[in-house]
Amino acid sequence: MKFYLVRFLCPFLVLRAHKEGKPQKLLEMNGHTPVPHAYDYDLIVIGGGSGGLAAAKEAARYEKKVMVLDFVTPTPLGNSWGLGGTCVNVGCIPKKLMHQAALLGQALQDSRKYGWQFTEEVKHNWMTMTESVQNYIGSLNWGYRVALREKNVTYENAYGEFVGPHTVKATNKRGVEKLYTAERFLIATGERPRYLDIPGDKEYCISSDDLFSLPYCPGKTLVVGASYVALECAGFLAGLGLDVTVMVRSILLRGFDQDIANKIGEYMEEHGINFIREFVPIKVEQIEEGTPGRLRVTAKSTKGNQIIEGEYNTVLLAIGRDACTRKIGLDKVGVKINEKTGKIPVNDEEQTNVPYIYAVGDILQDKLELTPVAIQAGRLLVQRLYGGATSKCDYVNVPTTVFTPLEYGACGYSEEAAVEKFGEENIEVYHSNFWPLEWTVPSRDNNKCYAKIICNIQDNERVIGFHVLGPNAGEVTQGFAAAIKCGITKEQLDNTIGIHPVCAEVSSAIQILCFSSSII
Amino acid sequence: MAALWRRRLLGVSGLCRTVRALSGKNEYDLLIIGGGSGGLACAKEAAQFGRQVAVLDYVEPSPQGTKWGLGGTCVNVGCIPKKLMHQAALLGSALKDAQHYGWNIAQPVHHTWSVMAQAVQNYVKSLNWGHRVQLQDKKVKYFNMKGSFSDLHTVRGLTKAGKETIVTAENIVIATGGRPKYPMHIAGALEYGITSDDLFWLKESPGKTLVVGASYVSLECAGFLTGIGLDTTVMMRSIPLRGFDQQMASLVTEHMESYGTKFLKRCFPTKVEKLESNRLKVTWKNTDLGTEETDSFDTVMWAVGRAPDTETLNLEAVGVKTNSETGKIIVDASEATSVPHIYAVGDITEGRPELTPTAIAAGKLLAQRLFGQSSELMDYDNVPTTVFTPLEYGCVGLSEEAAVQCYGSDNIEMVCLREREQRILGLHFIGPNAGEVIQGFALGIKCGATYPQLMKTVGIHPTCAEEITKLHITKRSGLDATVTGC
């Protein structure tokens, strides 16, 4: 049956013009069997994550017939989850909640200085937290299903892959296959954590895909990696009282401002997290089974032949993520991907090289891997397709926040990138340390928080980079991103009155210059 | 010949001042009466230009006898202790939340006022010390004396012990701020009530407290008192947070009510008496029901407004004009009073926001104009602020009422102009960390941000602030603004 279908579908001649009147590329293949003009759907979205769902819901607003195919291939350890994608299930949401749990641990300590009294010894219960987090995620999964239903978007929990032009095959958990056709497709399959490809990695190590629903406390943990995923996870695990070590191959937070990345690392080290620098694991063995068990990790230096060993209850791999584009039949429809990275190049309208196939989210080449970007891109794409809109997603000056124990909010250029683009002599960097008022009473971490603004001297001292390291960095940065979008200059910044007493006011008080070569 | 030369120079402003300073007729180039936010900022800035600067600061004890060191209201009995005690209350909520996040703490937990108060007071004292050191470092002369005008360039300083010092200065800045008002027409108000001047310095817990007033001072104090577990009631004669966006004001008070603060709305007190138990019996009129009611409290705190501290300045001697209704000093756009070389900054000035950052900015700019060849005036538009009630409220720009009044309701949509570019006139946010959220957007508004620009800004996920970049339901549409998940 399968073979027969493939043979039937292969020879297609697609002759359909774009609704907007733009001529469509002809996809001529062997044979001339005409495509039925009535597709099953106007739009099929492959991937029910941030980008996919946003686009699907938007398309439904224009009364389009939409289908969402979402399927989670279980992790090597057998873990899976519901509708909503990475952000909701194994990303932003559980991450922030566990980060909050860690922050609350700190708050408990602070509160004693503010007069609160309770038992001296306070312990954290992993299961209580994880259950609460998973319950909340479950409610979100449910909420999405309801939202799709209400908007008449067809949802199938099935693995979607292209089998021929305008046609996908959806395979559900039980292996039942169905074929669907659509006028347009949106690929939003996102990414999954990468493994090391060393003995024992898939059998014994976990990834962020497993961590947030781990049914037992991870115990003494080795986090491998230096990405924000690695540092955020290491951060909250330590905050919950666990013994945490981070194994870093070279630098921290590649791609982020390195001055700030180092401050983040220092802060984590000062707060009890061990760092093993310039080593990579070469072998993971199980010493003892259990929940958690005991693992032996052997690692080799990147700078020589030194070998070290360590024993941990859990090894969390956070070395990067790979796009889910290699097994969805893109070759069958001619969608080009970057063979090395697996990512899909698109034009500024999120269109792939195949005109009726679009893509949004983490799988895009040279774009940011962020939920709000995927949502924005998905929505605007649909508005252009069906609403006659012309707005394109603005990928410039997208703010972001790393939720490490000392949070880091940023928008615009890092100092290195600014120097590279504009030249050191053409940028001015203003910076300042600050001590949040709330930390004074418990006397903690004086002079650790930091804010930095990078200005383009040749353009009226326009603010081209904003960086803040401190509590609630995300809340602080959001508004600045709006201001940067409006083209704010240093002068305007100086003229804006601060709100007192908040951390964010430091930005309008930053006066100290620092030239990038002599960073204090 | 020399005398003629001097007289001719008298007619030339600006340049004349700097020349006369060098001639040494007046001891100081700048004398500042009041060592608070505005005064100290002005002093330190002027000193940067190499000027001879002196600051007179003196705290008249409150009726209850409370006094404090250098730094003014903000540092001692305002923003700083307020935010710290607000933080203490927030931590109380955090303790409750922590349980759900897996932290096991035996409930109920207790709060000890004296531990908090001492920590806060110690921090404030360190700031007093810090300010003194800073003045010393910048070679600003500091007198702990109460100042009053003798003549145009002469101020008499009086110490606590009654010792007098005469100080002369070329330019004088009045930055004496304000003090809480007492409702003098209410029997017992002065003898038995306290104000914010006293609250932060109490050594023992205020216990069951009645806070009278509907100002942000009243609500913020009542908010944190409730948060640390005290039985707290707010008595309001009419609307809460007059001058603020009223929809937001209601949300603030509603949250406080659900959070445990009791409200006596449309009531005003008529007398306060002391009971044998040392508790205070308060009698009040309920204007809605037309009844008279009583209850007893451990503490009654008045938060019914602040009065400018000008009475003992002897302003009449030099002719500095004040507003007859408010008592505040009238100034022009350059902070000059009716007397050319006498200026005023901060809470004491008529028509200006009563905020630390505006006082600081105004003080700095004034010093720059006087001594630094600058001509930049203070911009009082679009000053962001935050009310640190249990549910924080941050705002910048116009309230809905003000916008409607200014532009007409047909032209307003989400407090932004409807036509063409839809410039944002006002932004209001209620939620945790409201101050942190609003600060950046205030910058945007300073740049003339429009609604489309706001919508183009990508959100940071997951934060509260990102909601602002997603605002799309208009009040005009009548649609439900409740959000259900991402």
Side-chain angles (χ1 to χ4, degrees), chain A residues 92-93 96 100-101 104-105 107-108 110-111 113-119 122-126 128-129 132 140 143 371-373 376 394 398-401 409 437-438 440-441 472 474-483 485-488 492-493 495-505, chain B residues 79-80 83-84 87-88 91-92 94-95 97-98 100-106 109-113 115-116 119-120 123 356-358 361 379 383-386 394 433 435-444 446-449 453-454 456-466 468 484-485:
Chain A
C92 331
I93 302 296
K96 185 104 191 279
Q100 175 69 355
L104 285 171
L108 290 181
D110 286 355
S111 73
K113 295 278 168 60
Y114 278 90
W116 292 99
Q117 289 175 313
F118 44 91
T119 52
V122 177
K123 280 205 129 81
H124 184 260
N125 185 315
W126 174 270
T128 306
M129 172 185 75
S132 301
L140 292 179
T371 278
V373 171
Q376 182 97 308
D394 188 347
V398 172
T400 181
T401 297
L437 182 61
E438 292 81 353
T440 58
V441 161
N472 304 305
E475 308 295 358
V476 173
T477 303
Q478 182 70 86
F480 283 91
K485 192 61 83 183
C486 299
I488 192 163
Q492 287 171 314
L493 196 92
N495 286 339
T496 304
I497 300 292
I499 297 172
H500 183 71
V502 299
C503 294
E505 65 178 313
Chain B
C79 330
I80 303 295
K83 186 100 192 283
L84 290 173
Q87 175 69 356
L91 287 171
L95 287 175
D97 287 353
H100 298 280
Y101 280 88
W103 294 100
N104 56 347
I105 316 157
V109 299
H110 295 284
H111 184 264
T112 307
W113 173 273
V115 172
M116 172 184 74
V120 171
Y123 178 65
T356 279
T358 50
D379 182 358
V383 173
T385 183
T386 298
N433 305 303
E436 308 292 1
V437 172
I438 288 288
Q439 181 71 82
F441 288 101
L443 287 169
K446 194 56 105 178
C447 302
Q453 280 174 314
L454 199 69
K456 267 184 100 170
T457 306
V458 181
I460 297 174
H461 186 69
T463 60
C464 295
E466 64 176 310
I468 294 187
T484 48

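Fair warning: this is a prediction, and the values are worked out from it, not measured in the lab. Reminder, nothing fancy here: chain letters follow the sequence lines and each chain counts from 1.
- Taking the side chain as every heavy atom from C-beta outward, B:Thr457 and A:Gln478 approach each other to under 4.5 Å.
- Of all non-hydrogen atoms in B:His461 and A:Pro372, the two that sit nearest each other are CB-CG, 3.4 Å.
- For the atom pair CD1 (B:Ile438) and CD1 (A:Ile499), the distance works out to 6.5 Å, reported to the nearest 0.5 Å.
- Per-residue heavy-atom pair counts under 4.5 Å with chain B were compared for A:Gln117, A:His124, A:Met129, and the maximum is reached by A:His124.
- Remark: side-chain polar atoms of A:Gln100 are not paired, donor with acceptor, to backbone N or O of B:Ala98 under 3.5 angstrom.
- The candidate with the highest count of non-hydrogen atom pairs below 4.5 Å against chain A, out of B:Ala442, B:Gly459, B:Ala119, is B:Gly459.
- Heavy atoms of B:Leu84 lying under 4.5 Å from chain A belong to its backbone as well as its side chain.
- Annotation: maximal heavy-atom pairing with chain A below 4.5 Å, among B:Gln453, B:His111, B:Met116, B:Lys446, occurs at B:His111.
- For A:Gln376, the part sitting under 4.5 Å from any heavy atom of chain B is the side chain, from C-beta outward, and nothing else.
- For B:Thr356, the part lying under 4.5 angstrom from a heavy atom of chain A is the side chain only.
- Of all the heavy atoms in A:Cys486 and B:Gly444, the pair that sits closest is SG-O, 4.3 Å.
- Contact detail for B:Tyr101 and A:Ala101: the closest heavy-atom pair is CD2-CB, 3.6 Å.
- In terms of modelled atom types and a separation under 3.5 Å, the side chain of A:Thr496 and the main chain of B:Leu443 share no donor-acceptor contact.
- Per-residue counts of heavy-atom pairs under 4.5 Å with chain B were compared for A:Pro399, A:Gly143, A:Ser132; the largest is that of A:Pro399.
- Comparing A:Thr371, A:Asn472, A:Val398, A:Thr477 by heavy-atom pairs within less than 4.5 Å of chain B, the highest count is held by A:Asn472.
- For the pair B:Leu91 and A:Ala107, the tightest heavy-atom approach, listed with the atom from each and the gap, is CD2-CB, 3.6 Å.
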Working for side-chain contact (heavy atoms from CB on, under 4.5 Å), residues A:Val373 and B:Val458
CA-CA 6 Å; A:Val373 171; B:Val458 181; 4.0 Å; yes
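- When every heavy atom of B:Trp103 is checked against every heavy atom of A:Gly105, the shortest pair comes out as CZ2-CA, 3.4 Å.
- Taking all atoms of both residues into account, the shortest heavy-atom contact from B:Gly92 to A:Trp116 is CA-CZ2, 3.3 Å.
- Among B:Val437, B:Val383, B:Asn104, the residue making the largest number of heavy-atom pairs under 4.5 Å with chain A is B:Asn104.
- For A:Lys485, the parts sitting under 4.5 Å from any heavy atom of chain B are the backbone and the side chain alike.
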